[in-house]
Every structure is written in structure tokens, then in C-alpha cells.
2 protein chains.
Amino acid sequence: MKNDKTNIASEQRLEQMVGRLKDNDHRITPQRYAVLKALSYSKAHPSAESIYEGLVAHYPTMSLATVYKTLTLLKQKGEVLELEFSELGNRYDGNKPYPHPHVICTECGKIVDPSMFALEEITEKMMKETGFKIESHRLDFYGLCGSCQKE
Amino acid sequence: MKNDKTNIASEQRLEQMVGRLKDNDHRITPQRYAVLKALSYSKAHPSAESIYEGLVAHYPTMSLATVYKTLTLLKQKGEVLELEFSELGNRYDGNKPYPHPHVICTECGKIVDPSMFALEEITEKMMKETGFKIESHRLDFYGLCGSCQKE
DNA sequence: TTTCGTGCAAAAGCTTTGCATTAGC
DNA sequence: GCTAATGCAAAGCTTTTGCACGAAA
């Protein structure tokens, strides 16, 4: 725990997620609460596996399937952002479950959230801010194409 | 084949890839040539599976493993861009093997290359240009973090 | 002729699913 | 008590790999 500001924000995010699940008549089990807590307190954009690894010591009954099922539920509710990677494995952000830029280390898989926002110039700023040596980027827009909108 | 301009560009891209592989002492087999041709002529950002499906009729000896091995080779040479998706499956762009924005249909998986480039304003332009109803985006920067640069 | 490439089949990861058991509410 | 959630194990997918055979240069 780095400081009070971090804890307060994480705690608030946790309670927000708990409240939203309760409002939708979902049960708050110890396992589910533990996953929510891991997601709201972590800034590392953890994988399902690493969430499981971090919890199984304290919650011996925890299973990887439960982590995945909780993540699926949170995705449906829009309470977690899934970053798809085939090589690195999918990563999850429960703090900011909305699209935002990421800076990703292609060697260790570290994922950092930069604080600002252009593109050619942005890359330069990203490097300064994060200390990364940026070599590539990915900019995707998701939505429905013309024909799919009609269906 | 839509028009001459398209064919000429695709043909040039094909010959470029062939030349670069030859220059690196890689053999041009019928199977490999077929994959290169599929990649250079396709604007659909095909999956490995769809490349295979499109070729197996004409090249009965073609295997999915060969498609994957060719894609791996091209990735190493920087001759194809891999778009990672866990849900949709990975997609490949052999025409523009460098980072560029994509507009992706979350329903049918169609991937389109928009012609221009900002972000809040860009989203609006993307929608007008492509006819997509854009609901989300993804902007990632890839590179080495501080500690990995030192190693 | 000498490697390199192919392709089958098996393996490897990650994620999902079926189902009996457990436990929120 | 009613249902939803858990968790084991099995299945599912995409991608990779081992290895013997075949073919490019």
C-alpha cells in the first residue's frame, strides 16, 4: 500500500463494483469478493492466472475457473477492461474499465497507464513519461460495420 | 480483382516479399508462394485459418501448420503485421506490415484500414469514412520498459 | 546432394463448460 | 429453501512442435 490516496481510490472502486453486482442480484461470495478486491487494488493489469496465484494462498478454495467466471461476469457488466493478447495472455483492468491508452513492455509484459493523450507527438511524450523505448503501437477502434448495424 | 491499380499494387507487394525471402536464402515453395500471394492480395486481414481455407482447394497438399510456419517467418522478417485477438483469433496484414489504425467490427470481425489519422476527432472521422458505429477503441504503444532496456 | 520446408499428429496454452456440491440471501 | 456460485476435471480452440518424408537450389 503506497499511500492513503491510492488506498481510498481502490477501496472506493471495490465498493462500487460490489454495489453494482448487488444491484444486479449477484451474490457476493468470499471468492468473488477476493477477485474484485484484487482487481480494484492492482494497477498491474493482471492476467487471470496472476490473480489466481495472488489469491490462492489466502483463499485455499479459490479456483482458476472461478476467476474466469468472475471476469466474464465483470466484462458483461462493463466493470473490467479486457486487453486481448494471444502471446502475453489476456490482461484485465478493473480500475479503469473504459478504453484508454496503454504502454506495454514487449519483453516483460509490464503494462503502464500514461496520464495524457495526438499520436506522433504522443509517442514522444509516452517515452519521456514512462521511460519506455517505444518501438510500435496499436490503435484500434471497435464498433459495428454498416451491414451489422442493420441486423 | 477489382481494378488494375489494386492488382498492380498487390503484385508488387507479392514480388517484394518473394524477393526479400530469396535475399535471405529462404526457398520459395509452391505452398509458401501461395501464402504470400494470399497475404498480398487480401485486404481482409485474414486469419491463419481463412488463409488455409482459401488455399487448400487449389493446393490440396497445403496444411495449416505450413500457413502458421510461413506467418512466423514473415513476422520475423517484419513482412506481416499480426493483430492479436483472443476471441476473434489473430489476424494478419501482409500489405501494410507496419503499425496503423484499424476499424474492427465487433460483430462480424471485419477489419478495415481507414486512410487518415488525432483521437477524439478521429473517432468521428472514422465513423464517417467507414460507416461503422464506433463504440470503443484500442490504442497501445509497444516497446521496452526502463528495466528491460538495461538488460 | 544437401538442407530446408512440408505436413501429419501430438502437444501446449489459455479459456470455457458440465455437473455435482456448497453456500448466499 | 431456492438458486446461484464454486471447483474439479474434461473439453475446446488456436497455435506450436517433433519428426520423417519430400523437394528446392
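Residue numbers begin at 1 in each chain, while the letters A, B, ... track the order of the sequences.
Comparing the local axis fitted to the first five base pairs of the helix from C/dT1-D/dA25 to C/dC25-D/dG1 with the one fitted to its last five gives a bend of 40°, rounded to 10°.
With sequence neighbours excluded, the residues forming a side-chain hydrogen bond (donor to acceptor under 3.5 Å, both in side chains) with B/Gln16 are B/Arg13, listed by chain and number. Under the salt bridge (charged side-chain N to carboxylate O under 4.0 Å, His left out) criterion, B/Arg91 pairs with no residue at all, not counting sequence neighbours. Taking the side chain to side chain contact (heavy atoms under 4.5 Å, CB included) definition, one finds that B/Glu87 meets it with A/Glu84, sequence neighbours left out. The side chain to side chain contact (heavy atoms under 4.5 Å, CB included) check on B/Lys69 picks up nothing, with sequence neighbours excluded. Annotation: side-chain hydrogen bond (donor to acceptor under 3.5 Å, both in side chains) contacts of A/Asn90 (sequence neighbours excluded): A/Glu82, B/Ser86. With sequence neighbours excluded, no residue forms a salt bridge (charged side-chain N to carboxylate O under 4.0 Å, His left out) with B/Lys77.
Sorted pairs that involve residues 56-89 of chain A and meet ring-ring contact (aromatic ring centres under 6.0 Å, His included), not counting sequence neighbours, are lacking altogether.
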Q) Along nucleotides 15-25 of chain C, 5' to 3', which nucleotides get a B, which get an S, and which get a -, given that the test is a protein heavy-atom distance under 4.0 Å? A) SBBB----BBS
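Of all nucleotides in DNA chain D, those with any atom nearer than 4.0 Å to a heavy atom of chain A start and finish, going 5' to 3', at D/dT3 to D/dC8.
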Without placing hydrogens or testing angles, list every side-chain donor-acceptor pair under 3.5 Å for residues 44-56 of chain A, not counting sequence neighbours.
from, atom 1, to, atom 2, distance (Å)
A/His45, ND1, A/Lys43, O, 3.2
A/His45, ND1, A/Ile111, O, 3.3
A/His45, NE2, A/Asp93, OD2, 3.2
A/His45, NE2, A/His102, NE2, 3.4
A/His45, NE2, A/Asp113, OD1, 2.9
A/Ser47, OG, A/Ser50, N, 3.0
A/Ser47, OG, A/Ser50, OG, 3.3
A/Ser50, OG, A/Ser47, N, 3.1
A/Ser50, OG, A/Ser47, O, 3.1

Using residues 21-31 of chain A as the side-chain source, report each donor-acceptor pair under 3.5 Å to any protein atom, sequence neighbours left out, with the distance given to one decimal.
from, atom 1, to, atom 2, distance (Å)
A/Asn24, ND2, A/Arg20, O, 2.7
A/Thr29, OG1, A/Arg32, N, 3.0
A/Gln31, NE2, A/Thr61, OG1, 3.3

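Contact of the B/Leu81 side chain with the B/Tyr92 side chain is not registered, since no non-hydrogen atoms from C-beta on lie closer than 4.5 Å.
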